[in-house]
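Naming: A, B, ... by sequence-line order, numbering from 1 per chain.
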Amino acid sequence: MSPTILAVCGKGGVGKTTVSALIARRLAQQNRRALLVDADPAGGLAMALHFTPEKTINDVRRQTVRELQQSGVDKRDLAVSFDYLVQELLIERGGLAFLPIGRPEEKGCYCSVNRLLKESIALLAAQFDTIVIDAEAGIEQVNRNVLQRVTHLLLVSDTSAKGLKVTALIRETATAMEVNAHSGLLLNRVRDEREIVDTALPLWGALPEDETVRRYDAEERDFFTFPDGELTRRLDTALISIFST
Amino acid sequence: MSLFAVPAVQVAQIFAEPAVRDRLRVVPRKTGWPRADDVVLGEDVAVELGNPKDGSLFFLHWDSGDDLPADRLQLLGPDIHEIEPRGLAFALALRVAGSFADEYETFCALKNAVYDTRLQGLSIRMLPSRQSIWCRLEQQARNHGFSLAHLGAALGESLHAVAGVRSVEVTMVVGDKPLVKRLSRPAADIARIGGALLKMNEEMDLDCEHCEYWDVCEAVAELKRIRARLQTERHA
């Protein structure tokens with residue numbers, strides 16, 4: 001069965017990484033086999049979940065491109081190497097696995113490298129029933145076609161007009177790119193139910209402002225240990241909406 | 001003289017040392033394990049061989065193989081059902097005997113045959129630049145009686161599909177990290193010869209003066225012969 005691929009997108013600073021981390025925590029509690037992809041160059045998801053990657057996919061890409069420039073590498077060797085290197089990058093904890101993407105690729109066309117690398121990641125991704133992508137802020141991810149295989153686009157925003165505008169832009173861009181994914185809005189840091197406004201996007205959920213999140217962030221605590229409460233209860237409700245679409 | 005004569009003799013000498021030879025056992029091939037391209041995740045792993053942290057080596061070489069009239073499968077160390085710890089060092093040494101018209105074509109075909117050998121419940125990952133092989137066997141495959149003899153037999157079958165192959169010797173070293181490390185020296189020479197062979201066939205202009213394989217080509221007579229042949233063909 002094809003995995004559910006959930007991309008968590010939105011404007012910078014709206015809490016995408018916190019939402020991704022809390023989803024990961026819940027998937028772990030449910031013993032789901034899930035792959036967490038940290039596609040934000042800042043690597044916030046790794047920090048939130050206390051994964052400590054030594055290298056990223058983009059480090060592997062850079063290294064490979066350097067090797068290709070120095071001397072010819074047999075294409076088949078390159079393909080099997082990527083399968084190896086992607087597995088080596090993978091950090092596993094129970095049923096959860098974590099894959100860091102790292103800084104965006106530099107200029108220059110290395111199409112064959114990128115294609116082989118994508119094939120390796122796709123082969124790995126097929127082993128999981130759920131994939132959560134903590135996407136880069138803004139609409140860059142859509143532009144770079146990362147979202148082509150996504151099944152669910154979770155657009156996270158705070159209640160600000162700017163945040164909501166970015167989610168609308170992301171959805172428009174995804175539609176223009178013919179990304180065939182269910183999309184919905186998750187409002188974050190809601191202080192008052194009256195802040196929940198109607199948008200063109202289906203509302204998958206609303207999470208309250210939460211002091212424990214602030215403390216976990218400030219103290220760099222592991223979100224896997226985040227306690228159950230109103231926030232997680234609301235997220236559970238949102239996840240039911242998301243996974244039932 | 002064969003392309004890999006010198007390092008192949010060094011490998012054979014290591015395997016012939018009494019302390020090594022006495023632990024090498026010939027195992028009967030086991031056929032019929034289903035083929036599938038599986039990725040085994042950490043929580044499903046029963047046995048892990050050649051994890052980058054444990055020591056890992058893969059090499060392949062070929063010759064006319066007058067002393068290898070039939071297939072041989074050898075194992076040094078425990079088989080899957082005898083392995084208690086989860087991760088062990090691993091070396092896979094493949095020697096192919098036969099008559100081959102074109103060394104480059106042979107090299108590519110043999111490599112691809114190995115890369116295409118995929119068995120159900122066994123995830124094989126290879127990193128040619130580091131000569132590493134990393135195998136993860138899932139619990140279910142172990143419970144169903146998977147043996148390294150299945151892997152050896154499957155590799156033999158795949159390699160026999162390459163034109164000119166007469167016999168295959170598969171040697172697996174399990175759990176002996178110092179031996180894996182010792183074998184890595186001649187294996188590195190085998191890799192350098194293979195690298196030179198690939199490069200001279202894939203590059204149109206042979207700029208030997210600035211080539212990182214210059215010393216290898218000078219040292220290995222068979223490579224010199226191939227290089228001269230390629231230069232003649234390209235200037236014709």
Side-chain angles (χ1 to χ4, degrees), chain A residues 3 27-28 30-36 51 53-55 60-61 63-99 112-113 116-117 119-131, chain B residues 36-45 48 50-53 56 58 60 104-105 107-118 121 123-136 138 191-192 194-207 210-214 216:
Chain A
L27 293 172
Q30 292 170 345
N31 293 319
R32 294 272 279 273
R33 179 165 280 199
L35 174 65
L36 313 172
F51 287 109
E54 288 170 13
K55 279 199 289 188
V60 167
R61 189 206 320 270
Q63 184 189 332
T64 307
V65 168
R66 262 201 308 274
E67 281 175 17
L68 281 172
Q69 286 167 337
Q70 280 164 6
S71 63
V73 176
D74 181 66
K75 201 173 167 188
R76 189 69 204 276
D77 284 350
L78 197 60
V80 299
S81 298
F82 279 145
D83 288 345
Y84 184 104
L85 293 168
V86 167
Q87 178 151 318
E88 195 179 27
L89 284 179
L90 200 70
I91 303 173
E92 296 179 77
R93 195 186 286 173
L96 288 189
F98 178 83
L99 191 65
S112 63
V113 171
L116 291 170
L117 198 44
E119 283 171 11
S120 292
I121 295 171
L123 179 70
L124 176 75
Q127 309 303 313
F128 296 88
D129 51 45
T130 310
I131 298 163
Chain B
D37 194 0
D38 279 349
V39 178
V40 179
L41 298 175
E43 66 169 353
D44 300 327
V45 172
E48 190 159 23
N51 180 295
K53 291 169 194 153
S56 174
F58 163 71
L60 177 151
Y104 170 69
E105 297 289 338
F107 189 26
C108 292
L110 293 176
K111 273 195 313 173
N112 288 343
V114 174
Y115 294 157
D116 290 336
T117 305
R118 297 279 182 251
S123 169
I124 304 176
R125 291 287 172 265
M126 303 178 95
L127 189 56
S129 62
R130 279 193 239 153
Q131 293 185 275
S132 293
I133 179 166
W134 177 8
C135 301
R136 279 175 158 190
E138 68 175 19
R192 293 266 295 157
L197 181 64
L198 281 183
K199 190 170 181 189
M200 70 173 66
N201 276 276
E202 287 172 1
E203 290 191 2
M204 286 307 289
D205 294 316
L206 302 183
D207 178 9
H210 298 102
C211 179
E212 72 271 30
Y213 293 111
W214 179 84
V216 189

Looking only at non-hydrogen atoms, find the nearest pair between A:Glu92 and B:Leu41 and report the distance.
OE1-C, 3.3 Å
Which atom pair, heavy atoms only, marks the closest approach of A:Arg76 to B:Asn112?
CG-OD1, 3.0 Å
For the residue pair A:Tyr84 and B:Met126, what are the closest heavy atoms and their distance?
CB-O, 3.5 Å
Please state whether the side chain, the backbone, both or neither of A:Leu123 comes within less than 4.5 Å of a heavy atom of chain B.
both
Would you mind reporting whether A:Gln87 and B:Val39 have side-chain heavy atoms less than 4.5 Å apart?
yes
Out of B:Ile124, B:Leu127, B:Leu198, return the one with the most heavy atom pairs under 4.5 angstrom to chain A.
B:Leu127
Please look at B:Asn201 and chain A and tell me whether the side chain, the backbone, both or neither of the residue comes under 4.5 angstrom of a heavy atom of that chain.
neither
With a 4.5 angstrom heavy-atom cut-off, could you sort out which part of A:Arg33 is near chain B: side chain, backbone, both or neither?
side chain
Inter-residue atom distance A:Leu85.CG - B:Ser129.OG, 0.5 Å rounding:
7.0 Å
